[in-house]
Amino acid sequence: MIRTFIGGALLAMVTTVPVWAAEDPIATRKALMQNVGAAAGAGGAMLKGQVPFNAVTAELVLRTMNAASLGFGELFPKGSETGGKSTAAPSIWEDRDGFNKAMAKFQVDTAAGVVSKPADLDAFKVAFGGAASNCGACHKAFRIKK
């Protein structure tokens, strides 16, 4: 029951992004990245042993990251390069093909993590590592350092 509700909520979030994102893509992408950051924090806490491994939490971490990856690249339209204290680097618009490839890789890697359904910490390390490796690579190439 709870998985159905969470899955439905994530699907609703992903399918409605284009509607409400058009008005303020910067705020929208920041909100989605906050969700990814929270999920990554929960995943990292399990990997570090700060909290016990939990398969449901592991799945939610990966699903949250995957949900954000769906259409995230569309939240960087022309005209949203500045404003809203954005840390999006000009390279997003200058190397759109590279950015799109990075977004596609994030989507593929997070989807693979979801499909793997890690049942133990070792499996989660592999799934989460593959998904999270995209974060640093994308931030290095397409984000202004704070």
Side-chain angles (χ1 to χ4, degrees), residues 2-48 53-119 121-146:
I2 190 110
R3 285 185 182 193
T4 302
F5 173 76
I6 292 169
L10 288 173
L11 180 61
M13 177 184 78
V14 170
T15 58
T16 58
V17 166
V19 175
W20 52 274
E23 293 188 26
D24 193 348
I26 295 172
T28 303
R29 62 192 188 223
K30 284 181 159 189
L32 288 174
M33 277 297 106
Q34 286 178 342
N35 291 340
V36 170
M46 282 194 292
L47 291 181
K48 293 175 186 173
F53 173 80
N54 178 288
V56 173
T57 302
E59 182 178 352
L60 289 173
V61 164
L62 294 165
R63 285 187 181 276
T64 298
M65 294 174 82
N66 181 249
S69 76
L70 303 174
F72 186 71
E74 301 302 316
L75 296 174
F76 295 84
K78 288 186 180 187
S80 69
E81 296 90 342
T82 61
K85 296 183 181 177
S86 177
T87 57
S91 57
I92 291 171
W93 294 271
E94 295 164 358
D95 180 15
R96 195 57 183 215
D97 286 342
F99 180 70
N100 289 342
K101 286 178 184 175
M103 292 296 98
K105 185 176 181 323
F106 184 46
Q107 186 174 356
V108 167
D109 290 349
T110 57
V114 171
V115 170
S116 75
K117 295 188 182 264
L121 185 60
D122 288 335
F124 181 64
K125 284 179 185 178
V126 172
F128 182 73
S133 68
N134 291 276
C135 301
C138 191
H139 286 184
K140 183 177 180 182
F142 301 109
R143 183 178 184 200
I144 297 170
K145 291 182 182 181
K146 293 181 180 181

*Please report the shortest heavy-atom distance between I26 and S86, naming the atom on each side.*
CG2-CB, 4.2 Å
*From CZ (R29) to OG1 (T87), nearest 0.5 Å*: 8.0 Å
*For residues A89 and I144, report the shortest heavy-atom separation together with the two atoms involved.*
CA-CG1, 3.7 Å
*Show your working on side chain to side chain contact (heavy atoms under 4.5 Å, CB included) between L121 and L47 and close with a plain yes or no.*
CA-CA 7 Å; L121 185 60; L47 291 181; 4.0 Å; yes
*For the pair F124 and V61, evaluate side chain to side chain contact (heavy atoms under 4.5 Å, CB included) and give the outcome as yes or no after the intermediate values.*
CA-CA 10 Å; F124 181 64; V61 164; 4.2 Å; yes
*asked:* Rounded at 0.5 Å granularity, tell me how far CE in M33 sits from CZ in F72.
replied: 4.0 Å
*Donor-acceptor under 3.5 Å (E81 side chain, G79 main chain)*: yes
*Check: S133 side chain, G130 main-chain N or O, donor-acceptor pair, under 3.5 Å*: yes
*Nearest-0.5 Å distance, NZ of residue K117 to CG of residue L62*: 11.0 Å
*K30: what forms a salt bridge (charged side-chain N to carboxylate O under 4.0 Å, His left out) with it, not counting sequence neighbours?*
none
Let me have the donor-acceptor pairs involving side chains of residues 99-109, under 3.5 Å, with sequence neighbours excluded, atom names and distances please.
| residue | atom | partner | partner atom | Å |
| --- | --- | --- | --- | --- |
| N100 | ND2 | R96 | O | 3.4 |
| K105 | NZ | D109 | OD2 | 2.6 |
| D109 | OD2 | N134 | ND2 | 3.0 |

*If you take all heavy atoms of S69 and T110, which pair is closest and at what distance?*
OG-OG1, 3.5 Å
*When rounded to the nearest 0.5 angstrom, what distance separates CD1 in I92 from CZ in R143?*
10.5 Å
*Any sub-3.5 Å donor-acceptor pair from W93's side-chain atoms to F76's backbone N or O?*
yes
_Shortest non-hydrogen separation from P118 to A55 and the atoms involved_ = O-CB, 4.0 Å
_Test your reading of the model: is there a side-chain donor-acceptor pair from T64 to the backbone of L60, 3.5 Å cut-off?_
yes
*Could you pull out the closest heavy-atom pair between G113 and A127, with the gap in Å?*
CA-CB, 3.9 Å
*Which pair of non-hydrogen atoms, one from M65 and one from A39, has the smallest distance, and what is that distance?*
CG-CB, 4.3 Å
